[in-house]
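First comes the structure, then the notes that go with it.
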Number of protein chains: 2
Amino acid sequence: MDQSTRSSNSDVPMKATVVPISAVQLKSVCSSCSLRELCLPMGLSPEDVERLDQLVYARRKVKRGEGLYRAGDPFSAIYAVRTGFFKSDVILEDGRDQVTGFHMPGEIMGMDGIGTEAHSCNAIALEDSDVCVIPFSRLEELANEVRGLQRQFHKVMSREIVRDQGVMMLLGSMRAEERLAAFLLNLSQRFVARGYSPCEFHLRMTRDEIGSFLGLKLETVSRLFSKFQEDGLIGVQQKHIRIRDTVGLKNILGQDR
Amino acid sequence: MDQSTRSSNSDVPMKATVVPISAVQLKSVCSSCSLRELCLPMGLSPEDVERLDQLVYARRKVKRGEGLYRAGDPFSAIYAVRTGFFKSDVILEDGRDQVTGFHMPGEIMGMDGIGTEAHSCNAIALEDSDVCVIPFSRLEELANEVRGLQRQFHKVMSREIVRDQGVMMLLGSMRAEERLAAFLLNLSQRFVARGYSPCEFHLRMTRDEIGSFLGLKLETVSRLFSKFQEDGLIGVQQKHIRIRDTVGLKNILGQDR
DNA sequence: CGGGTCGATTGATCCATATCAATGCGGAGA
DNA sequence: TCTCCGCATTGATATGGATCAATCGACCCG
């Protein structure tokens, strides 16, 4: 719903029926993308960003509930979210699943597939979404020519590793309240970086998905939302969240109870 | 104690007193390293491995309990464990800490530092250890020339991301028993790959460190070791572990209780 | 506009793991 | 060889979050 404000004017409205695919794939250049300061081009010189343009030649639309890729799919590209919202999850044989992350515009997905040439998790769109397809072998080639790109790509992967460490910290040593507070603060931060309000946003995922990510049951997540609301820290109405007391939320972190 | 069996004959015994540092740093080449099939050179052609030799020019000894790097240290190199054993951990202001991984010979450490040019976690030796120092800017340079190296380095980073997903799964959706069983099986596998016995090994870390990694308290870890022993799955004597029933351990995984 | 469905909320109870506490054991150093 | 100290074990009890269950509410579709 609010994604429309981010898209470039050449974008086709979501509701449009059939559009020639070429029309969608034609104009997709990093140099004019509003997300370039958050995404792969971050920190590159304008000239280098233009060289990236030749790489990111395709876009792909993914409808809500559909997968961008699934565990086991052969790996060929990484993806930059342009509009929309994704989750990644890993599913065990016995059906249990673990959400390993949520992804918003400007973030890179799919790097899990490089090591084994097959994806190790599922990437599911939580709303109708749009990604830039970055063919990996071409990325590696271009990284050889464009020094800044090589460095930048390494940084992106490294930050993913650091992010994962943070999630381990969350899951391994925080109490339920702390996990949810940290989660909300993290979302808020990422929304701000994208020009949205830091204190008011729409959750794209269900309580169950939040719970899976945080290692909690959905009932616990729901109760904590209610508790935070009673304590005046946030306002909750279904998926709409308003952060009323950022400091209060931060204080939950690290206090023994 | 059992590490001696792996080292090349040019290695100085651990107990030797003072050895000229140059002697230690001189011979450190991937092409003759017994770990080359597990480490960064994995899958590279012999010629490419020789080019790696010029990169990995220094070794560094780290005594038990000392840090290879600490959170906040400026980033300049990644490291390949040659001998010994490390843990990585992240420490919060309030003192809580989370062990994010254990590292054995052939594994690469330090990639967390690339993104911000500073390390985000501590790497502590759990026994007297020895690492190859891989200056990162040189690695990036060489990766431009040696195509296989670039690819291989990306794979190493990607595998780290996938490993982290596995830990999230562990912490987020497994019960205590499952976590410990998965941990033991994982260690076993990694020891086998290094030519050690799959069913008998020495834990280098304390119960507290295992607990921190698995999101459990040390008492819980201890009780579970005892329980597994009673059930005939393993033999435990302090840090010495013998796996008696691999299938039984695997069966713990994924069963609802 | 009304019925159905999926997700969210809330309450009552249970249980896995934490916490608190005491004892034991093995290796290092005198 | 003795002693000390850090780590491990084991027991008793407490509790945070899970589980089970019921109701509610919003949105979608006909």
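The chains referred to below are lettered A, B, ... by the order of the sequence lines, with proteins before strands, and numbering in each begins at 1. In this text, all values refer to a predicted model and were calculated from it rather than measured experimentally.
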Rounded to whole angstrom units, what separation is found between the [atom1] atom of [X] and the [atom2] atom of [N]?
X      : N      : atom1 : atom2 : value
B:H240 : D:dA8  : NE2   : C1'   : 16 Å
B:Q237 : D:dC7  : CD    : P     : 19 Å
B:E219 : D:dG11 : CD    : P     : 14 Å
A:L180 : D:dG16 : CG    : P     : 17 Å
B:L224 : D:dT10 : CG    : C1'   : 13 Å
B:D208 : C:dT19 : CG    : P     : 12 Å
A:R207 : D:dC24 : CZ    : C1'   : 14 Å
A:L216 : D:dT19 : CG    : C1'   : 14 Å

Within the 4.0 Å heavy-atom criterion, would you say [X] contacts the bases, only the backbone, or no part of the nucleic acid?
X      : answer
A:G211 : nothing
A:K239 : sugar-phosphate
A:L218 : base

- Query: If you look at every heavy atom in A:L35 and A:G106, which pair is closest and at what distance?
  - Reply: CD1-N, 3.9 Å
- Heavy-atom closest contact (B:L171 atom, B:F213 atom, distance): CD2-O, 3.5 Å
- Options C:dT9, D:dG17, C:dT10, nucleotide nearest the side-chain atoms of A:S226: C:dT10
- Item | Out of D:dA26, D:dC7, C:dT10, whichever nucleotide has its closest atom nearest the side chain of A:S222 | C:dT10
Contact under 4.0 Å: [X] side-chain N or O vs [N] OP1/OP2:
X      : N      : result
B:R175 : C:dA16 : no
A:T220 : D:dA18 : yes
B:K217 : C:dC20 : no

- Per nearest nucleotide of DNA chain D, the residue lying toward the 5' end, A:Q238 or A:R223, is A:R223
- Query: Does the distance from a Lys or Arg side-chain N to an Asp or Glu carboxylate O, for B:R204 and B:E209, drop under 4.0 Å?
  - Reply: no
- Task: State whether a side-chain donor-acceptor pair under 3.5 Å links B:Q98 with A:S173.
- Result: yes
- Query: For the side-chain contact (heavy atoms from CB on, under 4.5 Å) test, which of A:V99, A:N122, A:T100, A:T206 pairs with A:K87?
  - Reply: A:V99
